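Each ligand, and each atom within it, is numbered from 1 in the order the structure gives. Here the structure is a predicted model, which means the values were calculated and not measured.
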Amino acid sequence: MIICRKAKGAKMEGKSDITAMWIKKHRLLYTGATRHPFILNIRDGSIDISSFKRWLAQDYLFVRAFVPFIASILLKAWKESDDSSDIDLILGGMAALNDEIAWFKKEALKWGVALNSVVPHKANVDYCRFLESLMSPDVEYTLAITAFWAIETVYQESFAHCLEDGSKTPEELKETCQRWGNEGFGQYCRSLQNITNRRLEKASDDMFSKAEVVLIRVLEHEVEFWNMSRGTI
Ligand SMILES: Cc1ncc(CN)c(N)n1
């Protein structure tokens, strides 16, 4: 079900929080992506380490594909954004990936995962293809930034859940959870959300509908990525 234009003017949280409204509307799928059994198993300490290693190897490949995706958003922001501070935020996100890739290599050594021989799983290939489709110069900044915000937010909400009071996350996995679950990353996601909301406020009906579909696709891909990590597909 695609949101109708009328809902865009409907009562919203804060000033004009379209993204929050979409999260509510797609609550089931959103919860599926941010409270997936893979994450719940980290949180309750029952995670199978082979699942964690599978996730680590596959996510390393995903993050490598994420670099050109963010580069393409930087280019779109430069051409299309009405606010030059967008570039600063996106550039910061891209720079952080350098550290993130180094972290994956260090973590892989720790867990005995050979990153140079990882074969991408179908769920990963499909997700990276989706990213690639958004890299096309024909795809508008509004759509790409919607995807970017949603992708980062799923990880933030998922891993932050593993650090909340009452969680039994194993000590050796806490660093992983901190990487995306920390407050600084949360603030970064909120800044991405603000840009997305600002763009959606000004979007045409057509763009608005397309952006909602992008959000749904991201959530579906994230669920598939967790399923793959658990070894259930
Ligand atoms: C699959 C996936 N989604 C999101 C992220 C966070 N950048 C990630 N590393 N991997």
Worksheet item: In terms of atom number and element, which parts of ligand 1 are under 4.0 angstrom from non-hydrogen atoms of Glu222?
Response: 1 (C), 2 (C), 3 (N), 4 (C)

Worksheet item: Do Arg198 and Glu201 sit within salt-bridge range, that is, some charged N less than 4.0 Å from a carboxylate O?
Response: no

Worksheet item: Where does the angle between the aromatic ring planes of Trp180 and Trp103 fall among parallel (under 30°), tilted (30 to 60°) and perpendicular (over 60°)?
Response: perpendicular

Worksheet item: Does CH2 belonging to Trp78 count more than 12 external heavy atoms closer than 6.0 Å?
Response: no

Item to complete: Please work out whether any backbone atom (N, CA, C, O) or any side-chain heavy atom from C-beta onward of His221 is under 4.0 Å from ligand 1, and answer side chain, backbone, both or neither.
Response: neither

Worksheet item: Do other residues, nucleotides or ligands put more than 12 heavy atoms under 6.0 Å from the CG atom of Asn98?
Response: no

Discussion item. With heavy-atom distances below 4.0 Å as the criterion, list the atoms of ligand 1 near Trp180.
Written reply: 6 (C)

Worksheet entry | Enumerated ligand 1 atoms positioned under 4.0 Å from heavy atoms of Ile151 | 3 (N), 4 (C)

Fill in: Location of contacts on Val154 toward ligand 1, heavy atoms closer than 4.0 Å
neither

Item to complete: Provide the number and element of each atom of ligand 1 under 4.0 Å from a heavy atom of Val63.
Response: 9 (N)

Worksheet entry | Shortest non-hydrogen separation from Ala150 to Val218 and the atoms involved | CB-CG1, 3.7 Å

Worksheet item: What is the closest protein heavy atom to atom 8 (C) of ligand 1, and at what distance does it sit?
Response: Tyr155 CE2, 3.2 Å

Discussion item. Does the residue Asp59 have a heavy-atom contact with ligand 1, meaning some pair of atoms that are separated by less than 4.0 Å?
Written reply: yes

Response to the item:
for atom 7 (N) of ligand 1, nearest protein heavy atom and its distance come out as Glu152 OE1, 2.6 Å

Practice prompt. In plain terms, say whether Lys106 and Glu175 are close enough for a salt bridge, that is, a side-chain N and a carboxylate O under 4.0 Å apart.
Written response: yes

Worksheet entry | Presence of salt bridge, Glu220 and Arg217, under 4.0 angstrom | yes

Fill in: Close-contact set for ligand 1 against Phe66 heavy atoms, below 4.0 Å
7 (N)

